[in-house]
Every structure is written in structure tokens, then in C-alpha cells.
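In what follows, a single structure is set out as C-alpha cells and then discussed.
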Amino acid sequence: MSGRHTGPPTVTGQGLAGVRGVAAWEIDPLAGLIRQLPGSGAGPAKPPPPAAPVADFLALIDADDRPRADAALAAATAPGSPGLDLIFRRAGAKPGKGWCLARFHPVGRDEAGRALRLAGITVDLGALPGLAAGAAGSAETDRLATLAAELARRTEELVSAHRLARVGAWRWDLTRHIVWLSAETMWLLGIEGAAAEMDYDQLRRMIHPDDYQYAMACFREAVDTATPVTLEYRTILPDGAVHAVLTHAEPVIGADGRIAQLRGTTQDVTPFRRVEAALRESEDHYRHMVELHPQIPWTAGRDGGILEVGPQWLAITGMTRQETMPFGWTSAVHPDDLAPTLAAWGDSLASGDPVDVEFRIRAAGGAYAWVRARAAARRDEAGQILRWYGTLEDITDRRAAEAARNASEALALRVLEASGDAVIVFDAAGAVTFSNARLAPLLGLDAPPKGIATDGLFAAAHCRELCAALNRAMETGAGAHFELFWPPTDRWLEATIAAEGSDISLFLRDVSEKRLVQQQLRYAASFDYMTGAANRATLFARLADQLQHQAPGNLTALLCLDLDYFKEINDQHGHPTGDAVLRQLVTRLRLCLRSHDLLARCGGDEFVIMQTGVSAPPDALALADRILAALRQPFEVDGISLPAGASIGVAVALPGQTDADALYRQADRALYVAKSRARGTYRLFHPDMLQADEASRRLRAELAGALGRGEFRLDFQPIVHLATRRIVGVEALVRWHHPVRGLIQPAEFIPLAEESGQIAALGAWVLHRACAAASAWPGDVKISVNVSPRQFEIGDIRTTVTEALEATGLPANRLKLEITESVLLSQNAASARLLQNLRERGVMLVLDDFGTGYSSLSYLDTFKVDVVKIDKSFLSRIRAPGDRQPIFEAIMGMTAALNLPVTAEGVETAVQLDYVTSLGCDWAQGYFFSRPVPEAELLRQLRGPAIARTG
């Protein structure tokens, strides 16, 4: 903070010497300013003139002496300079006149030793009595120089004292609204330099904002009451540091009786406040240490009276300090412990030895806690006891632990006696020192073997391992754990030997039942519990080992087998029936295998056969033929005849093939192909199957966006009423027109849509499109739409049907939904309610592909359908007049008995048409009448003559 100047500073010649010939000055070398100190002239005290540039001062010196004065002043501020001592002439003085003496001394130095301030005097030698122009160096001059030096010394001492005490002076001119700060005050505020003046704005910035109003109020109080005031506030230094200062202010009363000024001192008390804060922190630290320490500190006099005690004693016992000291603490001691406690304390007081005693004290709630009191004496140089220092430790938990340990040891002894294990303890010499009651009957002894040595107890040949282990434990302390068979009682025993000190403990446990269970578990880990076949883990372990050792002519084949109707059997008759079927299947399969072949159940109705010693693939195919032949006869369970067909996938390992997983995947892929082509067959794996699988994956990915790209369309195949030869119905058939592959048949993409779940969206589109087309046909023509079983599982078919009918305006009685037997079997009661709801709305239900599945009369009675459509595979065998198909005829008889109309599917020749007509079929469809055609072609047929006459 720098001084404030009110006008252009000047130094007059009169001021150079002073009114009485002597003037006092201070120079700020860093700022290049000089100020005349007050009291240098006669007359009443006036405010000091403002600081002026040193150059103005030098201009008052004679031109011939000015360079010498300038150099002397520069040298006075150099590091280590003692000051300035110069005789010069005033400018403009007459020859031989105007001689002056200047002596300045440094006041305060920086770290480099340079003067921060110069204080001194100028003396007009001509103005002093008896001094002529050449009298420099006279006694008077020396006296004045001595006074100047003394003034500088005392000034420097005062400055040093102020700085050491961190005190500075100041004066507040209430009239001019200016505050003058001494150099020491400026130093306290972090501003080096000479004394300076500041206005109120500067003062506001110097005082901490939170303390400014308080400080101003105190200063106003000193002015208003004309009394001194002392206050403490915070200041903000230029570097941002916050310091605490203590200021004493007193009013200065002028000649007119009014207060025109405040003067005072300001002291930096930051170090004191830091010391106070540290002291408070130390006291708080000590208090928390005492309060939080788990032990309670206490002191006692040489007579044993308590002088001090930690606060935790008061909290625990609820006693006050007055009640506790000096001997009131004894009232908290348990009556049973008081006498021994006081005796121990008395012995220590008499001998001066440390005390260590445990006793119980009564807590505030009335319960007693165990404590341990320890203390030692502090003595003077003569060995006399001055005071006892001790602690009180809560040992309730330790005492409880000891009691628990004692109880545990007693309990352990009882447990050993009651244990089902036999326990023997030997000493270092090998003699029995303890045995529980279980030992004798377990080993078949007549009496407990106490005192008998190990050699006498375990001398038989079957005890050699046990004797050796006991001897090692006695010699080296090594423990042991093993099982042995004990012939005298025909038992398997688990022996555990443990060495502890000089004792050797032997624990014997009867594990005969555990070994039996282990055998059963090992069996369960390797075999399927229900069927007795090996499990998946055993299969792959044996297969991996077999592949490692196969050679040409001794190859390994895998046959993966699935029952064709197992899910239907489970759904219709329950899982117990299904389990019985699986057991019968395993029995039949084993009759087909050799002793070194392995049969494994890998899950559900999936079985895998590992055939070894295969010379070529025909060997494996011959086994597949034998299995299919063994399954031609139905299973019989509880008087029920159940179908027994199966599909088989065969894979034969090539020489050098060692990957068991890869061989299994090949057989599984062959099984998938067999099931997708026709049930009751087998397929041998071929590499093309993997290529087809890859093509299937690509097709599945392309199927995902086909509907959105508009690649599907519907074709329509008429259904003809055989009595009138008129088209009475149409089946909607979805076609996928791939942009690259062209037309893709439903048999190729429908299974993919069902697997991926896209069948729900595709089925909804087909239903909407078919209903929209049928709404433009004659009212007596119905539309048939196939519904996948997956649509029942993953979609809301009822909502889909409702939305399609409402959106197209097609009456419900013109819609036929064609469903397969699997829908009825897999959904059961849920399907029954859903299908019944649709029938109640008027929708007709057609049971499609009848005769290829389970074809049970029971669900035809449970699930009400309107039409039965017989699968085209039965008519394919009718090639010439006179050919018959017994199954087809049996189905016609069954439906006639149930009064169910029948549609014959796959009529392609006139012979087939005559055959189904002779059996009383109501409707027929097939290539004989029309192939599936686009909608435009269908409309032409609907407008034409009876379609049968054009076939």
C-alpha cells in the first residue's frame, strides 16, 4: 500500500535547513521519496508536508556539490552501508555562505542488506551561533552529528522493537478522512516501504469483510464517547493471507475541545491466536484420548486416596467425583471382592510395589462388571512416593471368555463321551491315558484299554498302517488321516491322528455306511438312476478315451436316438408313463448291443449309443436297422398300447479323429435331418449336412426381414365339394419369393420361422391377407388358414383372429383354422378353452394331417373340431383301380362314427378321386382339381363352371 499525494510535491530551500537551522527527514530509497518529519521547525504543530521526490531535494544543492551528494546517497542504500555523512552548499548561496551538514543512518534492511529507510537531519551551519562557513567539523557540528546518530539509533531500536512485537502506529485524521500508517504498520500489512496515507476505500479493502462493520462501530464508539477502545479483527494481506490484529485507539482532543483525530497502535496477534488454537486442539486431543481410551486413568496420593479419575468411571458407575474421591470408590466394589482388593492395595502402599488386582464393580444399572486395576508409584530423588498412577481396565469380556472356555472344556469332555466317534489319547511313551465309552464296542474290546501300549492294542496284521502312523506322530508330531478295514467287527473305520504337545489323539469313526453311500454316489455320477444307462459325462469320458485309441478297422460310431412320440405320451398319459416307456426302451436297446458297446441317456428321450470295433459305416447302419426293428412293436404300460417309433442319427469317426464333441455334433445333426425328413428313419452323417446347416442359418437371418421387405405372397388352392363338384372352400398357402434364390417352399422356411419365433408375425400377416382376399369372394366360399402350434405358444391367436375378422369384415363362419394334433396335445386344457371360444364365435376348426401323428379318438372327443383333413401321404399309395389303403378306410369309419366331415388331401388322379368318393369323403383338394394359384387365377375359377368337370 503506497502513500497518497494531494498535489505536486516540492522541497523548499527553507525546508532544507529548517526554521531553526535543523530539519529531520526520512528517505524511502525504494520509492525515491523524501519526507520532512514533524517538529522540525518553530511554530504550532502542522501536518507534515507530503513526500517529495529525492530529485527535488537534490535540486536544492549547489550544482558543483550535486554529483557528490547523489553518489553519497546511492552509496548509503548499498548493502552494508553505515549511512550518509555529507557537507554541501545550498544552491544560489553567496560565496562562502550556505554550507549545510547532512547525516543519515539506515533504518531496517532487506534480506540483501540494503537500507529500506534512511532517517537523519540536515543542519544549516551558517545559522548556528559561532559557526562560520568553514567551521565544518567544529565541536558544535560534532555534537549535532552525534545527536543525529543517536536519533537514528534510537529510531532504529524503536523500529526493531515494534517489528519484534509486531506493533505499528497510526493516526486517523477525521477531518481529512485520511489514515496515516507508520512504516511498521505498513510492514504488518505486508507492504514494505515508508509511512504512507490511505483513504477509506483502501482501509475497507484491508479489513476482512466479515469484520469491517464491527471495527467501524468500535472506532465510532471511541469518537462518540471520547474514550479509548481496544478491538480485534482480521486483515487481508496483499497475498491473500488473513491475519488477526489487536488495535488500541484513543481520541485526540484539539484546542477547540473537539476530537479531530484518532491515534493508536496495531499489533499482529496471529501467532498468539495460532498458539491458542493449538493449545485448545491439544487440550481437546488429550480430553478425547482420555474419554475414548478403553482404560480408565486414575491417580492417588501416597496414602492411597484417589485424586483424579477418568470420566468413564463416572459414566460406568454413575457416581460423582465427590462420591468417588478419595475413598468413596470402595462403595462400588462387589462385597465379595472388597476385602481382597483393599488388602492388595494396602500391601502395595506399604511396600511401594506395583499393584495388579481384579475385582467387580457395580455399574449404574445395577449389574456388575469385572475390572483390572494396575498402578505404579512415582518417587522423588530420595525415593519417597509422590503419587500413584494407574489404570482401570474392563475385563468383563475376558472373564466371560475364560468362563466360557472352562465350560467348553467340560462340555468337550461330555461330548467326547457322548460322541459316536471313538477317542483314544496316548502319552509320549505310547500308553493309553484316555478313551471314551465308544471305543471298546467299536473295536470289539472287552474293557477300556487304559494303560495299554499301542503295540499291545494294535498288534494284528491289519493294524500295521495304524501303528506306523501313531509311531510317526510320537516321533515327529505329524498328523494323519486314512481309512482302514477292522476285521474283528467287520467295519470300515476312518482314523484321524493329531499330535498336541506330548499327547497323541486318535479318533476312530465308523464309515461303513458312508462308503456304501459313496459307492451309490459314484454310480449316480456315472449312470442314469431311472434307466440304468450311462449318463452324459460317462459317455463323453469313454468316447474321448476310445477315440484316442481307435485304429483302421476298429473305428467308433455314435448313434443319437429320439423317440418319435415321447412328448405326446408324456402330455397325454403323464410322466410316470413316460418313465416306464424309457425303461422299456433301454431294455430293448440293450438286446441290440454288444457287451463292449455303451448306451447313455443324455436327457429326456435322447439316447446315445457308442459302438466300438466298427470296420466301416455299414456296421453302424446295421445296428440302426436292428434298433428300428426292435421298436416296431408298441410299448405296453398299464394295459395301454403306446407307439414306439424312433429317429436315429449316425456318425462314424474317421481314423485320427479325436474330438468327441465334434463326433457328437455330427450324429446330432444327422438325427435332426432324420427327424425333419420322416419319422422312424435313420440318416448317416455327411459333410453336406453341415453345409445345409450353414445355409439354414443364412436363410434364418434373411427370413428376419423378409416380411418387412414384402417378399411373401399367398397362393390359393380350391377345396371341392364332391357331391356338387363346386368350389366351396380355398386353402391359403404362403410363398416366399426370395430376391436371389427365387421361390422358397414353405417346408423350408416355416420350420425356421417357428424356431426363431417369427411365425407369430408371419401367421398374423397370412391370416389378415387371407381374410381380406376372401371378403371379395362369393359368400358360400370359405377360407382355410393353417395355424402353427408355435403361434399358440408365443402369440395370442384369439386376438389375432379377432383383429383379422374385424379389419376385413369377413364373417367368422367363413373362416376355417387348420390345426395339427400337436396343438391339441401340447396345450391341453388351455387349448380346449381357446378353441372352444373361437368355435363359439363361429370360426370352424379343421384337424389337419390326420393319421400321421398320434391319432387318438380320446382327444377327438375332448377337443371339438368341425372337419378332419386326412394327410395326402395315404392317397399316394392308390395308383390303380382296386388299390386299397386300410388306414385311410379306418379313419373314414372312425370319423363317420363321430359324424365328422372329411376332406381328402392330395387327390391327384381320377383313380384317387373315385376311391375317396366311394368311401364317402365330403370334400377333396389336390392337383387333380387345381394347383395352388395366385388370387387372380382363383377368381377366374370361382366364376367358371364346376371345376371337377374340367379336371
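A salt bridge between K869 and E731 is present, with a side-chain N of the basic residue lying under 4.0 Å from a carboxylate O of the acidic one.
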Run the numbers on R665 and D668 for salt bridge (charged side-chain N to carboxylate O under 4.0 Å, His left out), then give the verdict.
CA-CA 5 Å; R665 287 194 298 270; D668 187 61; over 6 Å; no
Please assess I727 against Q941 for the test side-chain contact (heavy atoms from CB on, under 4.5 Å), listing each intermediate value before the final yes or no.
CA-CA 9 Å; I727 297 176; Q941 293 183 16; 4.2 Å; yes
Can you list the steps and then say if E702 with H738 is a side chain to side chain donor-acceptor pair (under 3.5 Å)?
CA-CA 9 Å; E702 295 171 349; H738 192 279; 2.7 Å; yes
Stepwise salt bridge (charged side-chain N to carboxylate O under 4.0 Å, His left out) test for E606 and R601:
CA-CA 6 Å; E606 179 188 356; R601 182 189 180 195; over 6 Å; no
Would you check, one step at a time, whether the test side-chain contact (heavy atoms from CB on, under 4.5 Å) holds for S647 with L671?
CA-CA 7 Å; S647 300; L671 172 62; 3.9 Å; yes
Is there a salt bridge (charged side-chain N to carboxylate O under 4.0 Å, His left out) between K864 and E840? Walk through the geometry before answering.
CA-CA 11 Å; K864 304 299 182 182; E840 289 174 356; over 6 Å; no
Begin from the C-alpha positions of T802 and R841 and carry the test side chain to side chain donor-acceptor pair (under 3.5 Å) through to its verdict.
CA-CA 9 Å; T802 300; R841 292 199 57 186; 2.6 Å; yes
Go through the steps to decide whether V846 and D866 satisfy the test side-chain contact (heavy atoms from CB on, under 4.5 Å), and finish with yes or no.
CA-CA 6 Å; V846 179; D866 299 288; 6.0 Å; no
Does E905 form a side-chain contact (heavy atoms from CB on, under 4.5 Å) with D849? I'd like the steps, not just the answer.
CA-CA 9 Å; E905 187 179 31; D849 297 336; 3.8 Å; yes
Please lay out, stage by stage, how E935 and R769 fare under the test salt bridge (charged side-chain N to carboxylate O under 4.0 Å, His left out).
CA-CA 11 Å; E935 185 178 5; R769 183 69 188 85; 2.8 Å; yes
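Across every non-hydrogen atom of A646 and D564, the tightest pair is N-OD2, 3.2 Å. Between N786 and A732, the shortest heavy-atom contact is ND2-O, 4.0 Å. Here the closest non-hydrogen pair linking S775 and R814 is CA-NH1, 4.3 Å. Of all non-hydrogen atoms in A670 and R683, the two that sit nearest each other are CB-O, 3.4 Å. Here the closest heavy-atom approach between residue F607 and residue G604 is recorded as CE1-O, 4.5 Å. Taking both residues in full, the closest heavy atoms of R590 and L599 are given as CG-CD2, 4.1 Å, listed atom of the first, atom of the second, then distance.
Not one N or O on the side chain of H573 forms a donor-acceptor pair closer than 3.5 Å with the backbone of I569. Put simply, the side chain of R790 never gets that close to the backbone of A760: no donor and acceptor are under 3.5 Å apart. For the pair R713 (side chain) and V734 (backbone), a donor-acceptor distance under 3.5 Å is absent. Judged by distance alone, with hydrogens and angles left aside, the side-chain atoms of Q912 form a donor-acceptor pair with the main-chain N or O of L875 at under 3.5 Å. Distance alone, capped at 3.5 Å, is enough to place a donor-acceptor pair between the D597 side chain and the R594 backbone. A distance-only check finds a donor-acceptor pair linking the side chain of Q758 to the backbone of A704 [under 3.5 Å]. A donor-acceptor pair under 3.5 Å is formed between the side chain of Q791 and the backbone N or O of S788. The closest donor-acceptor contact from the side chain of Y672 to the backbone of A667 lies at 3.5 Å or more, if one exists at all.
Annotation: F716 is in aromatic contact with W777 [ring centroid separation under 6.0 Å]. Checked against the 6.0 Å centroid threshold, F749 and F712 count as a close aromatic pair.
The side chain to side chain donor-acceptor pair (under 3.5 Å) contacts involving residues 611-620 comprise S615-D619, where partners must be two or more places apart or lie in separate chains.
Between I891 and T895, the closest side-chain pair of non-hydrogen atoms falls below 4.5 Å. Taking 4.5 Å as the limit, every side-chain heavy atom of D605 sits out of range of all side-chain heavy atoms of L585. Residues R735 and P932 have side chains in contact (heavy-atom distance under 4.5 Å, counting atoms from C-beta outward). Between V652 and T556 there is no side-chain heavy-atom pair separated by less than 4.5 Å. Here the side chains of L939 and R943 are in contact, with some heavy-atom distance below 4.5 Å. Side-chain contact between L561 and L589 is present, with at least one heavy-atom pair separated by less than 4.5 Å. Side-chain contact between L684 and L621 is present, with heavy atoms from C-beta onward closer than 4.5 Å. Side-chain contact between L593 and L623 is present, with at least one heavy-atom pair separated by less than 4.5 Å.
Within 6.0 Å of atom CD in Q745, more than 12 heavy atoms from other residues, nucleotides or ligands are found, so the atom counts as buried in its surroundings. Applying the 6.0 Å contact sphere to CG of D638 captures no more than 12 heavy atoms from other residues, nucleotides or ligands. Heavy atoms of other residues, nucleotides or ligands lying less than 6.0 angstrom from CG of L942 number more than 12. Heavy atoms from other residues, nucleotides or ligands lying under 6.0 Å from CZ of R583 number more than 12. The number of heavy atoms from other shown groups lying within 6.0 Å of CZ (R884) does not exceed 12.
To the nearest 0.5 Å, the span separating CD1 on I759 from CD on E755 amounts to 11.0 Å. One distance of note links CZ of F850 with CD1 of I870; it measures 8.0 Å at 0.5 Å rounding. How far CG of N570 is from CG of L582: 7.5 Å, rounded to the nearest 0.5 Å. One finds the CD atom of E793 at 9.0 Å from the CD atom of E754 (value rounded to the nearest 0.5 Å). Taken from CH2 in W736 to CG in L762, the straight-line distance is 10.0 Å, to the nearest 0.5 Å. Note that CZ of F888 is 10.0 Å distant from OG of S873, once rounded to the nearest 0.5 Å.
No hydrogens or angles considered: a donor-acceptor pair under 3.5 Å links the side chains of Q717 and Q925. Donor-acceptor pairing under 3.5 Å is lacking for the side chains of T917 and D914.
A cation-pi arrangement is absent between K782 and W923 under the rule of less than 6.0 angstrom and at most 45 degrees off the ring axis. Both cation-pi conditions hold for R536 and Y664: the charged atom is under 6.0 angstrom from the six-membered ring centre and inside a 45 degree cone around its axis.
K675 pairs by the side-chain hydrogen bond (donor to acceptor under 3.5 Å, both in side chains) definition with D562, not counting sequence neighbours.
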